[in-house]
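The block underneath contains the structure these notes are about, expressed in structure tokens.
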2 protein chains.
Amino acid sequence: MLEARLVQGSMLRKVVDAVKDLVSDANIDVSSSGFSLQAMDTSHVSLIAMHLRADAFEHFRCDRPMSMGMSLANLAKVLKCAGSDDIVTLKANDDGDTVTFMFESPKEDRVSDFELKLMDIDSEHLGIPDTDYCATVTMPAGEYARICKDLSSIGDTVVISATKDGVKFTTSGDVGTANVTVRQNTTADKKEDQTIIDLKEPVALTFALRYLTSFAKATPLATHVTLSMTRELPVMVEYAIQDMGHLRFYLAPKIEDEDMEGEDEAP
Amino acid sequence: MLEARLVQGSMLRKVVDAVKDLVSDANIDVSSSGFSLQAMDTSHVSLIAMHLRADAFEHFRCDRPMSMGMSLANLAKVLKCAGSDDIVTLKANDDGDTVTFMFESPKEDRVSDFELKLMDIDSEHLGIPDTDYCATVTMPAGEYARICKDLSSIGDTVVISATKDGVKFTTSGDVGTANVTVRQNTTADKKEDQTIIDLKEPVALTFALRYLTSFAKATPLATHVTLSMTRELPVMVEYAIQDMGHLRFYLAPKIEDEDMEGEDEAP
DNA sequence: GTCCTCTTCC
DNA sequence: GGAAGAGGAC
């Protein structure tokens, strides 16, 4: 038996919107600790890991762990039917093959419920090793999204290099080359404008821009994004969901030796 | 050696956006007097002449005249990467085959640079004769753009006739006919709303609306547009760029005798 | 693929 | 509050 009530229901919609272009079907796992989703994207290049803590919910009850396989496109359709201020309640039976979403308008004058069919999905539960990252950059999510979008109009890949002074994004293509440097800034008036760089050692990694721009769909979820990098290991792009959990993306860097347009290594 | 720093960097973007649909590639000429661009549109019907004075720049240095051939589509891509408040600096070496654009955010916490490849373009440097125009109409740029857009949904050509009382725009098509008359108004409270007609003798000329609507992409550059006309000569459509220079378009009138759908004479 | 709406940024 | 870009619908 699962029952979870979330006042800030629009959160769910943003999470699903951020992920549905990368993964078409996924298992959403529920346990007493909350909701989580872990999946490779459809082209098996990047990895998505989402967690919403049980305590983020107004009411949360999950008698025993369950895994609910869903079409994320369908899930997105259902969540789109919720008003932006609606309170969302999820319900599922332990052995059912459906999950029910209930939407209540804040004024309580409208209640809708949607029953979504579940499906069996082979889950490849990849353990994500806890890494000690060499460089962690926290910057305004919107600014980061803008940079990814701008650079993707110039080139296909980006080199992200973190030094103590700042983080530099570099790309090149037919048009020419482009560099964007964002300086560390821990003293901005508004906390939203701050950029913080936590560096053990400088690192420079190359990534496919199309995945980074896709990850950036999560921008509405958070004011800041955190890029955590270590040489030759996947970058972790994290959007912290205010007091609730996180949405993390992992993408392996392109290794310079094998860049014969052979494209896209899995993490 | 070229180095030019422009605080109001968004200006450049507006100029390029206004022109890029008419000319795909163009030479941008730089000399100690500033930047200029002169080109026929792709279909060789209209002529574009832009000038930005050296004194419009915060810092301007151009050791010897140079001509930089660019894809305006690529230039537009690069300029789109500038924030709307960014300070723009251009740099080029005398014999280089690239030009570098540097964008600095006002708070100086983000710096980007874009290197754009230059190309060889045959320039047909047409002298534009200084004409004594019979009629000069200065009117709000937005109002003029609206008229062009509205009329182009009715017909393909417009007759612009200037008399001492006002300027009349006439078109007709399958739908019917349309006339828009704008009266001289030199006493409007706001200077932006004024329309001034300077007339030596009345004149009425016929133009292809598709070019006029295309020219009107320059509207964001200026509060007013000036139409200068003389019988049987090209109209000059001028957007004065505040304290900086101008963007002028020239379009030959359709001559009534030969209007057997023979379309589009060059100026 | 195009149009229209919605959101976001100015 | 308006315009431009992104996303959704037909």
Side-chain angles (χ1 to χ4, degrees), chain A residues 8-24 71-86 114 139-154 180 182 188 190 192-193 209-225 239, chain B residues 6-21 73 76-88 103-107 109-110 112 140-150 152-153 190 192-193 213-214 216-223 239 242:
Chain A
Q8 204 182 339
S10 61
M11 196 82 266
L12 291 177
R13 176 179 165 169
K14 287 180 193 163
V15 169
V16 175
D17 281 345
V19 163
K20 71 171 203 286
D21 291 339
L22 285 163
V23 214
S24 57
S71 148
L72 295 187
N74 289 345
L75 176 56
K77 278 186 193 171
V78 166
L79 293 174
K80 228 174 267 312
C81 300
S84 55
D85 298 326
D86 281 5
F114 294 78
M139 63 184 288
E143 185 172 14
Y144 168 76
R146 171 75 193 267
I147 291 168
C148 288
K149 183 181 135 259
D150 283 350
L151 295 192
S152 66
S153 76
I154 310 283
V180 180
V182 180
K190 300 173 193 162
E192 298 106 77
D193 294 336
L209 270 166
R210 67 175 271 229
Y211 291 99
L212 298 185
T213 47
S214 201
F215 301 165
K217 297 235 166 77
T219 303
L221 282 168
T223 58
H224 285 79
V225 62
Y239 293 84
Chain B
L6 186 64
V7 172
Q8 204 182 339
S10 61
M11 196 83 266
L12 292 177
R13 176 178 165 171
K14 288 179 193 163
V15 169
V16 175
D17 280 346
V19 164
K20 70 170 203 286
D21 291 339
K77 273 188 192 174
V78 166
L79 293 174
K80 231 174 252 42
C81 299
S84 56
D85 297 328
D86 283 4
I87 297 162
V88 176
F103 304 141
E104 297 167 85
S105 65
K107 292 178 220 140
D109 52 0
R110 180 173 42 82
S112 340
E143 185 173 11
Y144 168 75
R146 174 69 194 269
I147 291 168
C148 289
K149 182 178 138 261
D150 286 351
S152 68
S153 74
K190 300 173 193 161
E192 298 105 78
D193 294 337
T213 47
S214 201
K217 298 235 165 78
T219 303
L221 283 167
T223 57
Y239 293 84
Q242 182 80 50

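Numbered from 1 within each chain, the chains take letters A, B, ... in sequence-line order.
Regarding contacts with the backbone of D:dG8, a side-chain N or O of A:K80 is found under 4.0 angstrom from either OP1 or OP2. Listed pair A:K20 / D:dG8 meets the phosphate criterion, a side-chain N or O lying under 4.0 Å from OP1 or OP2.
Taking only side-chain atoms of A:K149, from C-beta outward, the nucleotide of D:dA6, C:dC10, D:dG7 with the closest atom is D:dA6. Closest contact between the side chain of B:R13 and the listed nucleotides C:dC10, D:dG7, D:dG5 involves D:dG5.
Between A:E192 and A:P140, the closest heavy-atom pair is O-CG, 3.2 Å.
Between the CD atom of A:E143 and the C1' atom of C:dC9 there is a distance of 15 Å, rounded to whole Å. When the P atom of D:dA4 is taken as reference, atom CG of B:L79 falls 16 Å away, rounded to whole Å. In this structure, CZ of A:R146 is placed 10 Å from P of D:dG5, rounded to the nearest angstrom. Nucleotide D:dG5 holds its P atom 12 Å from the CG atom of A:D150, rounded to whole Å. Residue A:K217 contributes atom NZ, which lies 10 Å from atom P of D:dA6 at whole-angstrom precision. Residue B:Q8 contributes atom CD, which lies 15 Å from atom C1' of C:dC10 at whole-angstrom precision. Straight-line distance from the CG atom of A:L221 to the P atom of C:dT8: 12 Å, rounded to whole Å.
Of the possible donor and acceptor atoms, one in the side chain of B:S152 sits under 3.5 Å from a partner among the backbone N and O of B:C148. B:T219 contributes no side-chain N or O that, together with a main-chain N or O of B:A145, makes up a donor-acceptor pair within less than 3.5 Å.
With sequence neighbours excluded, the residues that form a salt bridge (Lys or Arg N to Asp or Glu O under 4.0 Å) with A:K20 are A:D17.
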